[in-house]
Amino acid sequence: MNKIALITGATAGIGEASAHIFAKNNFDLIITGRREDRLTQLADNLKATYSINVLPLVFDVRKLYEVQKAIEGLDENWQAIDILVNNAGLSAGLEPIQEGSFADWDVMIDTNIKGLLYVTRLVSPLMIKHKKGHIINLGSIAGKETYANGNVYCATKHAVDSLSKAMRIDLLPHNIKVTAINPGAVETEFSIVRFKGDEERAKNVYKGFDPLTAQDIADTIYYVASLPPHVNINDLTIMPTAQANTVYWNKSNS
Ligand code: NDP
Ligand code: 8X3
């Protein structure tokens with residue numbers, strides 16, 4: 001029987017790249033996201049390419065009733081989840097605190113903190129029941145440091161950092177690993193979402209240096225997921241070589 005990985009936010013970027021690498025390594029997959037067309041297309045592609053079972057579940061992680069319906073409705077054979085990749089997340093806006101948008105704040109807090117909590121709250125009892133599991137949370141360098149105008153996004157990722165530590169303690173008696181992956185700049189749809197579809201502004205973020213790719217992070221996620229049972233990486237910060245932290249960059253490629 002194949003192992004099972006549940007990856008949230010698999011319709012783009014890091015989640016989509018992670019789905020491919022787990023599929024390539026013979027995991028059956030539960031993939032989630034809000035964009036049904038993309039999710040269905042990815043599911044069909046993964047099934048055809050890797051001959052694995054794929055269950056696409058369309059839901060918004062911010063809506064508790066949708067998350068409950070999806071996870072509580074899993075058939076017995078899909079409940080034995082080995083790996084949960086809490087990846088769905090976003091940034092919205094980049095303004096000083098005194099000019100921040102209430103709507104942007106709500107969407108980041110509801111997605112990055114509450115959404116991650118809802119999924120974890122519903123999946124972790126299944127892992128406890130099966131006496132195994134590994135939760136991999138997507139934090140960020142923004143969860144280790146704070147940068148100008150990053151205020152609320154940074155705060156949500158600091159919360160992920162804190163929750164990862166808390167999960168590790170609470171799930172310790174149940175043989176469940178918890179890892180936080182904290183990337184620096186990864187070129188995905190992240191900046192397009194942050195700047196509300198302004199592709200030119202998004203492209204500028206990655207000008208003059210080689211950013212990380214979604215594949216780099218997916219490879220890292222798969223690496224931590226494939227370590228032996230007695231080994232866990234608690235916390236891993238991964239940066240483009242050209243980025244020392246959230247402030248210092250070597251943008252000399254232009
Ligand atoms: P993308 O924008 O490319 O992908 C984000 C994914 O999250 C999409 O699949 C999207 O799916 C999903 N998502 C967003 N909101 C919701 C929601 N409310 N309900 C369900 N799914 C949702 O970004 P990345 O791949 O770059 O980001 C993935 C994670 O990595 C995020 O947590 C991000 O904060 C983190 N990260 C990213 C970095 C970067 O520089 N790119 C660096 C550090 C961390 P859909 O819209 O279909 O719902
Ligand atoms: C995304 C990386 O530095 O843009 O989490 O906040 S950063």
Side-chain angles (χ1 to χ4, degrees), residues 6-20 31-42 56-64 66-67 70 85-94 104 106-119 136-161 163-164 180-197 199 201-202 204-206 209 211-218 220-221 236-240 242-249:
L6 189 167
I7 301 169
T8 66
T11 55
I14 295 167
E16 184 177 359
S18 300
H20 278 278
I31 51 173
T32 87
R34 290 166 300 177
R35 286 169 288 183
E36 187 167 10
D37 50 340
R38 285 197 186 202
L39 206 61
T40 309
Q41 208 177 357
L42 177 63
L57 293 177
V58 178
F59 63 86
D60 185 330
V61 294
R62 293 172 296 173
K63 298 187 176 149
L64 178 56
E66 288 189 15
V67 186
V85 184
N86 271 322
N87 165 76
L90 80 174
S91 65
L94 189 67
D104 285 350
D106 282 347
V107 81
M108 288 188 281
I109 291 167
D110 290 353
T111 309
N112 300 354
I113 306 177
K114 291 168 70 182
L116 178 142
L117 277 171
Y118 294 160
V119 175
I136 301 175
N137 293 327
L138 264 293
S140 169
I141 189 63
K144 303 285 182 183
E145 303 171 21
T146 307
Y147 55 87
N149 304 330
N151 43 62
V152 175
Y153 178 69
C154 294
T156 65
K157 290 300 181 177
H158 277 72
V160 173
D161 187 49
L163 286 169
S164 298
I181 306 277
N182 305 297
V186 190
E187 189 166 10
T188 58
E189 293 176 15
F190 178 85
S191 291
I192 299 173
V193 172
R194 167 170 260 173
F195 300 130
K196 324 269 165 70
E199 299 203 8
R201 192 173 172 198
N204 261 328
V205 173
Y206 310 105
F209 74 106
L212 295 166
T213 64
Q215 188 63 49
D216 295 325
I217 304 305
T220 307
I221 292 170
L236 192 152
T237 299
I238 171 168
M239 305 292 285
Q243 184 185 4
N245 56 30
T246 56
V247 176
Y248 289 96
W249 303 75

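Atoms within each ligand, like the ligands themselves, are counted from 1 in listed order. Here the structure is a predicted model, which means the values were calculated and not measured.
- When the shell of 6.0 Å around NZ of Lys114 is examined, it contains 12 or fewer heavy atoms from other residues, nucleotides or ligands.
- The ring pair (Phe, Tyr, Trp, His ring centres under 6.0 Å) test applied to Phe190 returns Tyr153, not counting sequence neighbours.
- Listed by chain and residue number, the protein contacts of ligand 2 are Ser140, Ile141, Ala142, Tyr147, Tyr153, Phe190, Arg194 (heavy atom within 4.0 angstrom).
- The shortest distance between side-chain heavy atoms of Thr220 and Ile181 falls below 4.5 Å.
- Heavy-atom contacts from other residues, nucleotides or ligands closer than 6.0 Å to CD of Gln41 number 12 or fewer.
- Here the closest heavy-atom approach between residue Ala88 and residue Thr8 is recorded as N-OG1, 2.9 Å.
- When atom types are taken as modelled, the side chain of Glu66 and the backbone of Phe59 share no donor-acceptor pair closer than 3.5 angstrom.
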Any protein N/O atoms within less than 3.5 Å of an N/O atom in ligand 1? List the atom names and distances, or say none.
from     : atom 1 : to     : atom 2 : distance (Å)
ligand 1 : 3 (O)  : Glu189 : N      : 3.2
ligand 1 : 9 (O)  : Gly9   : O      : 3.0
ligand 1 : 9 (O)  : Thr11  : N      : 3.3
ligand 1 : 9 (O)  : Thr11  : OG1    : 2.7
ligand 1 : 9 (O)  : Ala12  : N      : 3.4
ligand 1 : 11 (O) : Thr11  : OG1    : 2.8
ligand 1 : 15 (N) : Arg34  : NH2    : 3.2
ligand 1 : 18 (N) : Asp60  : OD1    : 2.8
ligand 1 : 19 (N) : Val61  : N      : 3.0
ligand 1 : 25 (O) : Ile14  : N      : 2.9
ligand 1 : 26 (O) : Thr188 : OG1    : 2.6
ligand 1 : 32 (O) : Asn87  : O      : 2.8
ligand 1 : 32 (O) : Lys157 : NZ     : 3.0
ligand 1 : 34 (O) : Tyr153 : OH     : 2.8
ligand 1 : 34 (O) : Lys157 : NZ     : 3.1
ligand 1 : 40 (O) : Val186 : N      : 2.9
ligand 1 : 40 (O) : Val186 : O      : 3.3
ligand 1 : 41 (N) : Val186 : O      : 3.0
ligand 1 : 41 (N) : Thr188 : OG1    : 3.3
ligand 1 : 46 (O) : Arg34  : NH2    : 2.9
ligand 1 : 46 (O) : Arg35  : NE     : 3.2
ligand 1 : 46 (O) : Arg35  : NH2    : 3.2
ligand 1 : 47 (O) : Thr11  : OG1    : 2.8
ligand 1 : 47 (O) : Arg34  : N      : 3.2
ligand 1 : 47 (O) : Arg35  : N      : 3.1
ligand 1 : 47 (O) : Arg35  : NE     : 2.9
ligand 1 : 48 (O) : Arg34  : N      : 2.8
ligand 1 : 48 (O) : Arg34  : NE     : 2.6
ligand 1 : 48 (O) : Arg34  : NH2    : 3.4

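- Asp106 is linked by a salt bridge (charged side-chain N to carboxylate O under 4.0 Å, His left out) to nothing, counting only residues two or more places apart in sequence or in another chain.
- Under the side chain to side chain donor-acceptor pair (under 3.5 Å) test applied with Thr156, the options Asn112, Thr111, Asp110, Asn151 reduce to a single match, Asn112.
- Contact check for Ser18 versus Ile217: no side-chain heavy atoms found under the 4.5 Å cut-off.
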